[in-house]
Protein chains: 2
Amino acid sequence: MNDEAPWLDDDEMTTWLGLIGVVMRLPVALDEQLRRDARMSHFEFGVLAHLEHAEDQTMRMSDLAFLSNGSLSRLSHVAKRLEDEGLIERFACPSDGRSTLARLTDGGRRRLAEAAPGHVRLVRELVFDQLDEGETAELGRIAGRLLERLKQ
Amino acid sequence: MNDEAPWLDDDEMTTWLGLIGVVMRLPVALDEQLRRDARMSHFEFGVLAHLEHAEDQTMRMSDLAFLSNGSLSRLSHVAKRLEDEGLIERFACPSDGRSTLARLTDGGRRRLAEAAPGHVRLVRELVFDQLDEGETAELGRIAGRLLERLKQ
DNA sequence: ACTATTTAGTTGAAGCTTTAACTATCTGGA
DNA sequence: TCCAGATAGTTAAAGCTTCAACTAAATAGT
């Protein structure tokens, strides 16, 4: 039973430390802007943004959780808070009694609009301004490959 | 005052969603393995691993926090827990009365050894097995660039 | 039809992180 | 020398996430 994978070589370690650094620091930077401009976290922003682009601004909780890269439990707690703030509303799915649908409200749309300009500016500043067009495409390909595996 | 950055185009949006997906899902996957194999989070693993590679297995709290990509407050709480478990010890810095030094203990080294094989295997599976050598290098360059900006 | 299993969602408790306030020490000028 | 401000670290409280237990509805197998 020699499953021992060799430890990372120097190039791999450099890549790994860079990736981990981005993975740990990017959310902090995004949260900071969104909290300041629109009293929400990046996860909450993602939830609202996905709803906005959805058919009828409505989505099943579990689909929304998957798309938002979070657990259903996490989404459920967040949806409770968003609902209390009047940014979304939840109601039973007519076709499947187990499901709950979440819909963006007008208040939610307004809150997104408060967040968006500063958010785009920051995303450009942190990511796309640092990369040329080829690098952007290459990062997209690589991230897509890794994400496929992470989603199982 | 037209600071309006244009919203992301399709290619940029693809890249962004991929990057965000990795950023949100990778820590969950790493935490799961480390929690299972060695009762620690990925942040705790990082702290112990950086100590192991440090001169004298010792580091100043604030340097360790920066290297570990976390806030000093976060590290302070984590260090308390690690110290309670006997994985590190803390003591005053002789040359600067404000500073605290953290040192890895034998117990900490043993715990790292429990975590490491499964960790390397998972990192390979999730990242390096998905990429060829060129992509690994390219990801390293890109992540390094982004990280530079994220560190200010 | 009947039951066992799976799927969807919620919730309380525990655990972790952030925020803000606080203490203590050091450094760079008047 | 003295002091104002900067730097290092800790901590309590608030907020967020995970974990595990739970309810309810749908589906599959008999």
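Keep in mind the model is a prediction, meaning the values are calculated, not measured. Each chain gets a letter, A, B and so on, in the order the sequences are listed, and its residues count up from 1.
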A.B. asks: Is any side-chain N of the basic residue among A/R110 and A/D106 closer than 4.0 Å to the acidic one's carboxylate O?
C.D. replies: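 Looking at A/R110 and A/D106, the cut-off is not met.
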
A.B. asks: Given atom NE2 of B/H42 and atom C1' of C/dG15, what is their separation to the nearest angstrom?
C.D. replies: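 After rounding, the gap between these two atoms is 19 Å.
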
A.B. asks: In whole angstrom, what separates A/F43's CZ from D/dT17's P?
C.D. replies: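 These atoms are roughly 7 Å apart.
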
A.B. asks: Return the minimal non-hydrogen interatomic distance between A/E44 and A/V78, and the atom names on each side.
C.D. replies: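 Reported closest heavy-atom pair: CG-CG1, 3.7 Å.
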
A.B. asks: Over how many whole Å does the gap from B/R35 atom CZ to D/dT17 atom C1' extend?
C.D. replies: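 Roughly 12 Å, once rounded to whole Å.
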
A.B. asks: Provide, to the nearest angstrom, the distance between the CG atom belonging to A/D84 and the C1' atom belonging to C/dT11.
C.D. replies: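 Distance, rounded to whole Å: 14 Å.
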
A.B. asks: Let me have a per-nucleotide readout for nucleotides 6-13 of chain D, 5' to 3', with B, S or -, counting only protein heavy atoms under 4.0 Å.
C.D. replies: -BSBBBB-

A.B. asks: If you measure from the Lys or Arg side-chain nitrogens to the Asp or Glu carboxylate oxygens, is any gap between A/R39 and A/E85 under 4.0 Å?
C.D. replies: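 A/E85 and A/R39: not salt-bridged.
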
A.B. asks: Please report the closest heavy-atom contact between B/L147 and A/R25, naming both atoms and the distance.
C.D. replies: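 Distance-wise, the nearest heavy atoms are CD1-CD, 3.7 Å.
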
A.B. asks: Expressed in angstrom and rounded to an integer, what is the separation of A/E44 atom CD from D/dG15 atom P?
C.D. replies: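 Checked: the CD to P distance equals 12 Å.
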
A.B. asks: In this structure, are over 12 heavy atoms from other groups packed under 6.0 Å from B/E52 atom CD?
C.D. replies: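 Enclosed.
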
A.B. asks: Under 4.0 Å between a side-chain N/O of B/R74 and OP1 or OP2 of C/dC16, yes or no?
C.D. replies: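 Result: no.
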
A.B. asks: If you measure from the Lys or Arg side-chain nitrogens to the Asp or Glu carboxylate oxygens, is any gap between B/E135 and A/R141 under 4.0 Å?
C.D. replies: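 So B/E135 does not pair with A/R141 through a salt bridge.
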
A.B. asks: Grab the CZ-P distance between A/F66 and C/dA8 for me, whole Å please.
C.D. replies: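 From A/F66 CZ to C/dA8 P: 12 Å.
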
A.B. asks: B/E32 has an atom CD; how far is it from atom C1' of D/dT18, in whole Å?
C.D. replies: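 Atom-to-atom, B/E32 to D/dT18, this comes out as 13 Å.
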
A.B. asks: Rounded to the Å, how far apart are A/L82 CG and D/dC16 P?
C.D. replies: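 Between P of D/dC16 and CG of A/L82: 10 Å.
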
A.B. asks: Which part of the nucleic acid does A/S41 contact within heavy-atom distance under 4.0 Å: base, sugar-phosphate only, or nothing?
C.D. replies: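 No contact at all - A/S41 keeps every heavy atom at 4.0 Å or more from the nucleic acid.
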
